[in-house]
Amino acid sequence: MTTRREVLGLLATTAAITLIPNQANASTPITAVRGATLIDSSGARPNTTIVLANGKIQAVGHNLPLPRGSTILNATGKFIIPGLTDMHVHGAFLDRITLPLCLANGITGIREMWGFPPIYDLRDRIDRGEVSGPRLTVGSTIIDGPHSTLPGALIVSTPEEGRQAVRDAKTQGADFVKVYSYLDRPTLTAIADECEKQTITFAGHCSNHVPLGDASDLGQRTFEHMYGLSLATSTRETQLRQAIATLPLDPANSFAWFKQVLEFERQAALSHSGSKAVRLAKRLRRNNSALCPTMVAMQVYSSPADRFANDPRMKYMPVFYRDLWLEQLKSWAPVTEREIRQQAEFFRHRQEQVAEMHGHGVEVLVGTDAGNPYSFSGFSVHDELRLLVEAGLSPKAALDAGTRNATVRPGEKADLVVLEGNPLKDIRNTQRIHTVLTRGRVLGPAERRKMLADVEKAAQEPFPTPQRACC
């Protein structure tokens with residue numbers, strides 16, 4: 001058993017950090033990972049030892065002395081990265097599916113994009129250690145304007161209703177406010193102002209009624225799915241926005257209006273302006289706004305409906321998902337050869353635009369839109385990393401996006417992933433997970449196999465059918 005003197009002696013020797021008084025005692029378990037190459041936002045450090053205790057990183061260095069009784073994980077020849085984060089998730093309520101799939105895949109933090117009281121309670125139970133899962137950041141219920149395509153969204157029709165929605169979100173326990181596609185400018189402006197008063201951020205879709213740069217100026221923290229990006233960087237933006245403003249909307253089929261706006265975005269991508277992209281990037285950087293492109297989900301929506309239907313990871317999804325996802329894609333997926341070709345080209349243009357904005361210094365976040373068709377909790381983070389690299393980011397840049405530029409240093413949370421291969425040489429090596437460390441737990445190969453087996457079993461059990469998924 002490690003003694004308090006040994007713990008303090010270790011930390012004095014490494015000159016790394018001191019424990020809070022009385023934090024270390026005779027029952028303090030010490031875990032050390034030795035011999036791996038550490039890769040984080042600061043670079044790569046070979047043959048590193050990382051010492052963990054009390055859910056925190058206590059020391060990082062080479063050949064560190066360890067107290068008697070320490071648990072030592074030999075990671076010689078392996079690679080360690082900070083825990084990954086999925087910044088756009090739906091489905092935390094499927095806790096027996098979503099949470100273990102994330103942990104087994106090295107995802108130690110997720111941002112749930114549609115919150116309600118039971119999810120806030122789940123977040124708090126995870127924080128208290130009562131439930132095993134990634135760290136949860138949870139948004140408000142989705143706030144949208146009239147004619148929303150989303151069943152269950154909170155519809156606000158006036159600026160005051162928008163302000164009240166923000167106040168309610170803060171009272172209920174949301175970590176941020178989630179905004180959506182149909183909010184008009186006056187209402188979005190009121191929401192932004194109330195968020196500042198309530199000291200809460202807002203994030204979500206770029207409103208179809210407000211240009212992306214203007215929404216960033218209002219304070220929107222993140223923009224999801226690449227919506228609005230093509231328009232904001234097009235030489236035809238003014239003309240296309242006038243077409244949106246005069247586009248008829250049938251309340252009985254508001255999704256048709258949404259699809260036509262996406263068609264205008266596709267057309268906008270064909271008249272891309274590099275100089276407009278530079279100006280937009282300056283605004284986004286100034287406002288600390290980030291892009292969360294969710295390329296995994298956007299690729300699915302840009303592809304024929306059955307392209308991903310036989311993905312072997314379906315065995316981890318509730319059985320009703322197969323029919324639910326295929327039904328959902330009927331209104332999205334291209335059908336004719338011309339549509340398929342156009343959507344594939346549009347997707348490539350959008351990828352290039354994200355890489356361009358990253359090259360101009362705009363923060364890019366890894367998000368999957370998990371819960372939507374063929375976007376799998378946990379697994380799809382690795383798909384997103386691959387798509388970012390295909391778009392033009394370096395493996396290092398993609399990894400920084402997936403770890404929120406985390407640095408492994410004393411005092412940080414002990415969320416780490418041990419890999420069998422070097423992700424800087426091939427980003428697909430993030431899938432070659434050996435061990436996940438989080439909140440003092442060591443999830444080795446056997447533990448991870450059991451977690452996946454348990455999820456596969458749970459997926460066959462009856463679940464209440466959720467509302468139509470959203471993005």
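The first residue of the sequence shown is numbered 1, and numbering continues consecutively from there. Reckoned from all heavy atoms, side chains included, excluding hydrogens, waters and symmetry mates.
Between Ser41 and Thr407, the side chains place a donor N or O and an acceptor N or O closer than 3.5 Å (distance only, hydrogens not considered). Gln172 and Asp168 share no donor-acceptor pair across their side chains, judged by distance under 3.5 Å alone. No hydrogens or angles considered: nothing links the side chains of Thr37 and Arg45 as a donor-acceptor pair under 3.5 Å. Under the 3.5 Å distance criterion, with hydrogens and angles disregarded, no donor-acceptor pair is assigned to the side chains of Ser289 and Asn287. A side-chain N or O of Ser230 and one of Gln353 form a donor-acceptor pair less than 3.5 Å apart. Looking only at atom types and distance, the side chain of Ser375 has no donor-acceptor partner in the side chain of Asp369 under 3.5 Å away. Counting only N and O atoms by type, the side chains of Asn372 and Gln328 include a donor and acceptor under 3.5 Å apart.
The aromatic ring centroids of Phe93 and Trp114 lie 6.0 Å or more from each other.
Residues meeting the side chain to side chain contact (heavy atoms under 4.5 Å, CB included) test with Pro445, sequence neighbours left out: His434, Thr435, Arg449. Glu352 meets the side chain to side chain contact (heavy atoms under 4.5 Å, CB included) test with His349; sequence neighbours excluded. Checked against side chain to side chain contact (heavy atoms under 4.5 Å, CB included), Pro159 has the following partners two or more places apart in sequence or in another chain: Pro186, Thr187, Ala190. Judged as a side-chain hydrogen bond (donor to acceptor under 3.5 Å, both in side chains), and not counting sequence neighbours, Lys282 has no contacts. With sequence neighbours excluded, no residue forms a ring pair (Phe, Tyr, Trp, His ring centres under 6.0 Å) with His272. Applying the side-chain hydrogen bond (donor to acceptor under 3.5 Å, both in side chains) rule to Glu224 yields the partners His88, Arg111, Thr222; only residues at least two apart in sequence or on another chain are considered. Judged as a ring pair (Phe, Tyr, Trp, His ring centres under 6.0 Å), and not counting sequence neighbours, the contacts of Tyr182 are Trp257. Applying the ring pair (Phe, Tyr, Trp, His ring centres under 6.0 Å) rule to Tyr374 yields the partners Trp325; only residues at least two apart in sequence or on another chain are considered. Residues satisfying the ring pair (Phe, Tyr, Trp, His ring centres under 6.0 Å) criterion with Phe346, sequence neighbours excluded, are absent altogether. In this structure, the side chain to side chain contact (heavy atoms under 4.5 Å, CB included) partners of Ala344, at least two apart in sequence or on a different chain, are Arg348. Scored by the side-chain hydrogen bond (donor to acceptor under 3.5 Å, both in side chains) test, Lys78 finds no partners at all (sequence neighbours excluded).
Closest of all the heavy-atom pairs between Arg96 and Ala458 is NH2-CB, 3.6 Å.
Under the ring pair (Phe, Tyr, Trp, His ring centres under 6.0 Å) criterion, the residue pairs touching residues 378-414 are Tyr316-Phe379, with sequence neighbours excluded.
Side chains of Tyr120 and Pro118 form no contact here, defined as non-hydrogen atoms less than 4.5 Å apart. Using a 4.5 Å heavy-atom cutoff, the side chains of Pro423 and Ile39 are in contact. Residues Gln343 and Tyr301 form no side-chain contact, since every pair of their non-hydrogen atoms from C-beta on lies 4.5 Å or further apart. Here the side chains of Leu84 and Val366 are not in contact, with every heavy-atom distance at 4.5 Å or above.
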After noting the C-alpha distance and the side-chain angles of Thr368 and Asp86, does the key distance pass the side-chain hydrogen bond (donor to acceptor under 3.5 Å, both in side chains) rule? CA-CA 7 Å; Thr368 66; Asp86 190 338; 2.6 Å; yes
Criterion salt bridge (charged side-chain N to carboxylate O under 4.0 Å, His left out) on Glu345 and Arg350, from CA distance to verdict: CA-CA 9 Å; Glu345 181 183 45; Arg350 296 168 99 186; over 6 Å; no
Before you tell me yes or no, could you show the steps for Arg428 and Gln431 under side-chain hydrogen bond (donor to acceptor under 3.5 Å, both in side chains), namely the whole-Å CA-CA distance, both residues' side-chain angles and the distance that decides it to 0.1 Å? CA-CA 6 Å; Arg428 292 172 296 182; Gln431 300 174 73; over 6 Å; no
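With Thr403 contributing its side chain and Leu399 its backbone, the two residues share a donor-acceptor pair below 3.5 Å.
More than 12 non-hydrogen atoms from other residues, nucleotides or ligands lie less than 6.0 angstrom from NZ of Lys396. Residue-environment remark: CZ (Arg313) exceeds the threshold of 12 foreign heavy atoms within 6.0 Å.
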